[in-house]
There are 2 protein chains.
Amino acid sequence: MALSGRTVERLSVYRRLLVMQGQSGEESVYSHQLAEMVSGTAAQVRRDLMEVGVTGHSKRGYRVANLIEGISKVLDDPAGTRIVLVGAGDLGRAALGFIKGRNAALRIVGAFDNDPSKIGRVIHGYRCASIDELERVIAAEQVEVAIITTPAGVAQPVCDRLVAAGVRGIVNFAPTPLQVPEGVWVERVDIATALEKVTCLTRSV
Amino acid sequence: MALSGRTVERLSVYRRLLVMQGQSGEESVYSHQLAEMVSGTAAQVRRDLMEVGVTGHSKRGYRVANLIEGISKVLDDPAGTRIVLVGAGDLGRAALGFIKGRNAALRIVGAFDNDPSKIGRVIHGYRCASIDELERVIAAEQVEVAIITTPAGVAQPVCDRLVAAGVRGIVNFAPTPLQVPEGVWVERVDIATALEKVTCLTRSV
DNA sequence: GGTCTGCTGTGAACGATATCACAGGTATAC
DNA sequence: GTATACCTGTGATATCGTTCACAGCAGACC
């Protein structure tokens, strides 16, 4: 199945909201309720859910448990995804905090830095290792996805090492576009751009 | 002029690359060179530049200085944009580091937290103030844009306060969609979603 | 000067995404 | 049981964004 990027993003958000909400008792949810939570339209929500194959019930909406299960089946690798993070600065720490305990299918198996003062420190429960260990860990743990939270200057060489070692998906927080060969997926998260976008578009509303 | 969000994002990246590159001497640049840097197409680059009104020169490409000026004229508010940041955790610190010194048109005029142990600390040159000061600073400095780097639980109430105080653009790093009234622009930067997107889409390449 | 090369600017075609609108179905009220 | 209200699933349609393809132009070369 070829889910679009946009759909995957929304599914991720739906699931997170449903899991949070899950504790608060509701058994089922209508498309228009989900739509309101994400400031979207009900039709959009129904389309997205259609694509993952979960099916609702007229007059009673969707069963929450069903939704979470169905979305997870599409988003998560049943075998789990092993992830490394490179760059244990503020941003790296923040990213580790975000991931920790949020999704059992995502397993951080290594955090790396080249700064000797950081190596050995434990961040959100993960021990920071020397960047020299990178290739060994990727091979040993069959890591498929990496998070780059290094300064811009070293992002590309780090990326090259990751790809050479077998990584196929990268989340890039560095403010530089990365060059990667065919078959490697890069997701850019660009903080500086996000800010400039807001300052620009706010003025034209 | 009604620039699309996508276009604005790319313009921001072009400018950053050009400014970096600027030091290294090149006077002019071809659309296909910019395209290669961002892994895009030359036609796309030319369209984007067309929209900002800068004009190139057949056979000699675009003058770098011209481009930077033209893009800045579109992206930046000539009066400067005053910005506050709420939530001085890892992510807040990281965001401040990203912004600092990168764009003179973006001025952080306040960083806030509710944790007494953080108040008074200086982060990347910005003093963290009590959240109680929020409304006063926004009014005094005519702040238009805010960055939310708080935990999910307090993002919405913080957002409500920001909007009530007059903020019209928000960059939201919290893993929760925000509800805002008409006329307020929210840009979501969702770390958890980015990761899930990569893990999902990497498998289907 | 004439020809050749190669880059820009842009109308037109295409492709991806989001929305509309309605048929079909099920609980609820009476 | 019948009428009613209201929610889902989805074909059709509209909107938005990207790519194609080529006219027009300017420098380089002979």
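Hydrogens, waters and symmetry mates play no part in the numbers below; they use all other heavy atoms, side chains included.
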B:Asp190 and its salt bridge (charged side-chain N to carboxylate O under 4.0 Å, His left out) partner, picked from A:Arg16, A:Arg10, A:Arg102: A:Arg16
B:Glu141/B:Arg82 salt bridge by N-O under 4.0 Å criterion: no
Charged N-O contact under 4.0 Å between B:Glu144 and B:Arg168: no
Selection from D:dC25, D:dT8, D:dC20 that lies nearest to any side-chain heavy atom of B:Ala43: D:dC20
Candidates D:dT18, D:dC25, D:dG9 - which lies nearest the side chain of B:Ser58: D:dC25
B:His57 vs D:dG27: side-chain N/O to OP1/OP2 distance below 4.0 Å: yes
Any A:Thr55 side-chain nitrogen or oxygen under 4.0 Å from OP1 or OP2 of D:dG9: yes
Sugar-phosphate, base or nothing in reach of A:Ser31, heavy atoms under 4.0 Å: sugar-phosphate
Sugar-phosphate, base or nothing in reach of A:Thr7, heavy atoms under 4.0 Å: nothing
Terminal contacting nucleotides, 5' and 3', DNA chain C versus chain A (heavy atom, 4.0 Å): C:dT17 to C:dA27
Side-chain H-bond candidate by donor/acceptor type, A:Arg47 with A:Thr7, under 3.5 Å: no
Using 0.5 Å steps for rounding, measure from the [atom1] atom of [X] to the [atom2] atom of [Y].
X        : Y        : atom1 : atom2 : value
A:Lys118 : A:Ile131 : NZ    : CD1   : 12.0 Å
A:Cys128 : A:Asp113 : SG    : CG    : 5.0 Å
B:Tyr30  : B:Lys59  : OH    : NZ    : 7.5 Å

Base D:dG11 paired with A:Arg47 side chain (donor-acceptor, <3.5 Å): yes
No-H, no-angle donor-acceptor pair, A:Arg46 side chain to D:dG9 base, under 3.5 Å: yes
Earlier contact from the 5' end, DNA chain D, for A:Lys59 and A:Met50: A:Lys59
Rounded to the Å, how far apart are [X] [atom1] and [N] [atom2]?
X       : N      : atom1 : atom2 : value
A:Tyr62 : D:dC6  : OH    : P     : 18 Å
A:His32 : D:dG9  : NE2   : C1'   : 15 Å
A:Gln44 : D:dA14 : CD    : P     : 18 Å
B:Leu49 : D:dT18 : CG    : C1'   : 15 Å
A:Leu34 : D:dG9  : CG    : P     : 13 Å

Which residue lies more 5' along DNA chain C, comparing A:Arg6 with A:Arg60 via nearest heavy atoms: A:Arg6
